[in-house]
Participant: 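A single structure is presented below for examination.
Position 1 is the first residue of the sequence; numbering continues from there.
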Amino acid sequence: MTQHKKSSLVALTLAAVGIVYGDIGTSPLYTLKTVFTAEHGLVLNPNNLLGVVSLIFWGLTLIISLKYVTLVLRADNRGEGGIMALMALALSSVNKLSRWNFPLMLTGVFGATLFYGDSVITPAISVLSAIEGLEVATPALKTYVVPLTILVLVALYAVQSHGTAGIGRWFAPIMLLWFATLAGMGIVNIVDQPQILAALNPWYAFSFLNENRLVAFVALGAVVLAFTGAEALYADMGHFGKKPIRMAWFLIAFPALALNYLGQGGLLLAHPEAISNPFYQQLGAWSIYPLVILSTMATVIASQATISGTFSMTKQAIALGFLPRMRVLHTSESEIGQIYIPAINWLQLIVVLLAVIGFGSSENLAAAYGIAVTATMLATTILTFFVIRYRWKMNLALCWFATVFFVAIDLMFFSASALKLFHGGWFPLLLGSILFIVMLTWKRGRLLVFQNLQKHAIPLDDFLSSLFIAPPTRVPGTAIFLRGESDGVPHALLHNLSHNKVLHERVVFLTVFMLEEPWVPPAEQVRITDLGHQCFQLNVHYGFKDEPDIPKVLALCEGHGLHFEMMETSFFIARQTVISTPGAGMAPWREHLFVAMSRNARGAADYYQIPTNRVIELGTQVEI
């Protein structure tokens, strides 16, 4: 048994290397080159070089090792991670009526929308920087870099619908080879220039910041590129668990990254002219083509992890009520390729290609990168405070110290990145802002619909009491009416009685509750209340990571004494047509946006996997 646990831990650790650390693992391709770009005005000399490499090393130690891998990974929501799961955990940690409720929701949603901005730039900058290696080999190939990047990205997004089970098994070996190559190249250059090891002394980082002041502050906006992917390791916790992610970081990713950054620093000490692309010049001309091939594979894997993370985040946002229902397809049984959302896939590809064509190089894209990453890091730090203080009941002074310490670091990097606002930083912020408005509009619109329905709702118990004083004709079979959390009598039932003048011999009112936790065990998903006269209230509880499946829930009802024969069961669903009206509610343009989203949302029957041949839809109009 112990041997089996060990082997599964090793397997999960290797899988985590392949999926979790793709983004941060490909940062050495462009980080140092970007730090010393002419726009930053930072002179490449031994002191500055030692200072920058020291900053990167200690940033990896404090931000990734200490903050994310040690602290934030502890803040799991029933094993799930990611900013949406953290937001749900923080909200459940404070009183629901607390003054913190709305600000925490805004922080979580804003962090999530910036994750989407980040997920657009990651595939663009990663693949672009890998293929730019061709320029180092032969400058004549420069014109082919953008077309080749577009080709690779289109191919990557085109295969998403088939799932990644087939190529997923190659992720771990390729990324292991990648990290081994990073470490190997680093060691070669450290041996050649051992004085670079002085950068391990944090004094060089402090003196660099002190001596260069404004220039160093500007350079921090590029140094942060070494820490991109921190959110990904937290978001993927549900796939692998804390221990494999921690082992993969401390045993493989962190040593390889540290060695490579030190190695690139050593190379630049001896050959400052290599700053044009230090990554590809670490071993000499012979290695460029093999490195381009390996880098392209590694960056495709990094991009794949981000795309899968976007699908997962979207599914959570739908369940938590921040986005309309969309078509979600299951593509494979493997962890990374579980779901595919066509609308998100193609929309993301269009924006990624616009980024590649619009920015044209990894150097230009780097300016757009840091601002989204650092803002999400800041949101994570703030949400974590509420978890460690109100859920874990940790000492207030300790909570404040840890939070202020990490907020200071996050703010420093965010402020430096914000200087690049007009040089590309606007791009992820614009994407995030659009999504932020969309999410809040959908959440607010659903609340207005709920309030309208509640205002006109007829209490179910009173209605049934009056109905059975002179009962209508009962016909064979079971009728299931989908009903909102506080809808009263479903409109579909009223329409059915009004037009058909009959009632099925067994009537079930089905209400779905989405909880602010990732999973609800099957044994706890179903609650049945007998309302008398062969009428039942069936409450179904799902977590935001659960897969809604009503036929499966009906099978669970067997254990509660309620048997369903699918061919004798009809599902009555009221399809709401939302109408925007002047007056209270939202601004007219937001109401029109909500109406448009509502009309294009996936139908309830499809979303809950109800067999289409058993569904009867009845229309109802709702004003907001």
Participant: Report the distance from atom CD of Gln348 to atom CD1 of Ile341, rounding to the nearest 0.5 Å.
Facilitator: 10.5 Å

Participant: Please check if the side chain of Tyr608 supplies one atom and the backbone of Val512 the other of a donor-acceptor pair under 3.5 Å.
Facilitator: no

Participant: For residues Trp249 and Tyr21, establish whether the separation of their ring centroids is below 6.0 Å.
Facilitator: yes

Participant: Do Arg389 and Met394 have side-chain heavy atoms sitting under 4.5 Å apart?
Facilitator: no

Participant: Would you indicate whether the side-chain heavy atoms of Ile480 and Ser570 approach each other to under 4.5 Å?
Facilitator: no

Participant: For Arg327, does the CZ atom sit with more than 12 other heavy atoms under 6.0 Å from it, leaving out its own atoms?
Facilitator: no

Participant: Kindly give the heavy-atom pair with the smallest separation between Leu114 and Ala375, and that separation in Å.
Facilitator: CD1-CB, 3.1 Å

Participant: What is the distance from atom CG of Leu323 to atom CG of Leu435, rounded to the nearest 0.5 Å?
Facilitator: 7.0 Å

Participant: State, yes or no, whether a side-chain contact exists between Pro472 and Leu497 at a heavy-atom distance under 4.5 Å.
Facilitator: yes

Participant: With Ser126, which of Thr299, Ile301, Ile121, Thr228 fulfils side chain to side chain contact (heavy atoms under 4.5 Å, CB included)?
Facilitator: Thr299

Participant: Tell me the closest heavy-atom pair linking Pro611 and Val615, and the distance in Å.
Facilitator: O-CG2, 3.4 Å

Participant: Are Leu493 and Phe572 side-chain neighbours, meaning at least one heavy-atom pair lies under 4.5 Å?
Facilitator: no

Participant: Using the side chain to side chain contact (heavy atoms under 4.5 Å, CB included) rule, take Ser93 and Phe386 through it: C-alpha gap first, then chi angles, then the decisive distance, then the call.
Facilitator: CA-CA 7 Å; Ser93 301; Phe386 289 90; 5.5 Å; no

Participant: Do Phe571 and Glu617 come close enough that some side-chain heavy atom pair is under 4.5 Å?
Facilitator: no

Participant: What pair of heavy atoms forms the shortest contact from Ala158 to Trp346, and how long is it?
Facilitator: CA-CH2, 3.9 Å

Participant: Dump the intermediate steps for side chain to side chain contact (heavy atoms under 4.5 Å, CB included) on Leu447 and Arg444, then the final yes or no.
Facilitator: CA-CA 5 Å; Leu447 179 65; Arg444 175 70 180 152; 3.5 Å; yes

Participant: Could you go step by step and tell me if Ile573 and Ile610 meet the side chain to side chain contact (heavy atoms under 4.5 Å, CB included) rule?
Facilitator: CA-CA 11 Å; Ile573 297 172; Ile610 300 169; 4.3 Å; yes

Participant: Please determine which of Asp530, Thr511, Asp461 meets the side chain to side chain donor-acceptor pair (under 3.5 Å) test together with Gln537.
Facilitator: Thr511

Participant: For Ala596, does its backbone N or O pair with a side-chain atom of Asn600 as donor and acceptor, under 3.5 Å?
Facilitator: yes

Participant: Quick one: does Leu531's side chain get under 4.5 Å of Phe536's, heavy atoms only?
Facilitator: no

Participant: Give a yes or no on whether a salt bridge exists between Glu547 and Lys315, defined as a side-chain N under 4.0 angstrom from a carboxylate O.
Facilitator: yes

Participant: Can a donor-acceptor pair be found, under 3.5 Å and without considering hydrogens, that links the side chain of Thr70 to the backbone of Lys67?
Facilitator: no

Participant: To the nearest 0.5 angstrom, please state how far the CG atom of Leu156 sits from the OG atom of Ser303.
Facilitator: 6.0 Å

Participant: Between His541 and Phe513, how do the two ring planes meet: parallel, tilted or perpendicular, split at 30° and 60°?
Facilitator: parallel

Participant: Please walk me through it: do Val109 and Phe436 pass side chain to side chain contact (heavy atoms under 4.5 Å, CB included)?
Facilitator: CA-CA 7 Å; Val109 172; Phe436 188 67; 3.7 Å; yes

Participant: Which heavy-atom pair separates Arg527 from Glu524 by the least distance, and what is that distance?
Facilitator: NH1-O, 3.5 Å

Participant: Kindly say whether Gln609 contributes a backbone atom to a donor-acceptor pair with the side chain of Asp549 at under 3.5 angstrom?
Facilitator: no

Participant: Using modelled atom types and a 3.5 Å cut-off, is there a donor and acceptor pairing between side-chain atoms of Asn345 and backbone atoms of Pro342?
Facilitator: no

Participant: Could you tell me whether Arg325 sits above the aromatic face of Tyr607, with NZ or CZ closer than 6.0 angstrom to the six-membered ring centre and within 45 degrees of the axis?
Facilitator: yes

Participant: Measure across Ala112 and Met313 and return the closest heavy-atom pair with its distance rounded to 0.1 Å.
Facilitator: CB-SD, 4.1 Å

Participant: Hey, what do you get for CG (Leu460) to SG (Cys535), rounding to the nearest 0.5 Å?
Facilitator: 8.0 Å

Participant: Taking the ring of Trp442 and the ring of Phe594, is the distance between their centroids below 6.0 Å?
Facilitator: yes

Participant: Going by distance alone, is a donor N or O of one side chain under 3.5 Å from an acceptor N or O of the other, for Lys501 and Thr473?
Facilitator: no

Participant: State, yes or no, whether a side-chain contact exists between His504 and Thr478 at a heavy-atom distance under 4.5 Å.
Facilitator: no

Participant: Looking at CD1 of Ile307 and CD of Gln304, how far apart are the two atoms once the value is rounded to the nearest 0.5 Å?
Facilitator: 5.0 Å

Participant: What's the separation between atom CZ in Phe322 and atom OG1 in Thr441, rounded to the nearest 0.5 Å?
Facilitator: 12.0 Å

Participant: So among Val508, Leu538, Leu562, which one has a side chain to side chain contact (heavy atoms under 4.5 Å, CB included) with Leu554?
Facilitator: Leu538

Participant: Thr13 vs Arg246, test: side chain to side chain donor-acceptor pair (under 3.5 Å). Steps then yes/no.
Facilitator: CA-CA 8 Å; Thr13 302; Arg246 283 175 175 153; over 6 Å; no

Participant: Where is the tightest heavy-atom contact between Thr380 and Glu231, given as atom of each residue plus distance?
Facilitator: OG1-OE2, 2.6 Å

Participant: Are any side-chain N or O atoms of Lys443 and backbone N or O atoms of Leu320, one a donor and one an acceptor, separated by less than 3.5 Å?
Facilitator: yes

Participant: Verify whether the ring centers belonging to Phe481 and His491 lie closer than 6.0 Å.
Facilitator: no

Participant: Measuring only between side-chain heavy atoms, which start at C-beta, is Leu89 closer than 4.5 Å to Leu91?
Facilitator: no

Participant: Is there a donor in the side chain of Arg446 and an acceptor in the side chain of Ser598, or the other way round, less than 3.5 Å apart?
Facilitator: no

Participant: Regarding Arg506 and the six-membered ring of Phe564, is the cationic atom NZ or CZ under 6.0 Å from the ring centre and inside 45° of its axis?
Facilitator: yes

Participant: If you count the non-hydrogen atoms of other residues, nucleotides and ligands that lie under 6.0 Å from CZ in Phe509, is the total more than 12?
Facilitator: yes

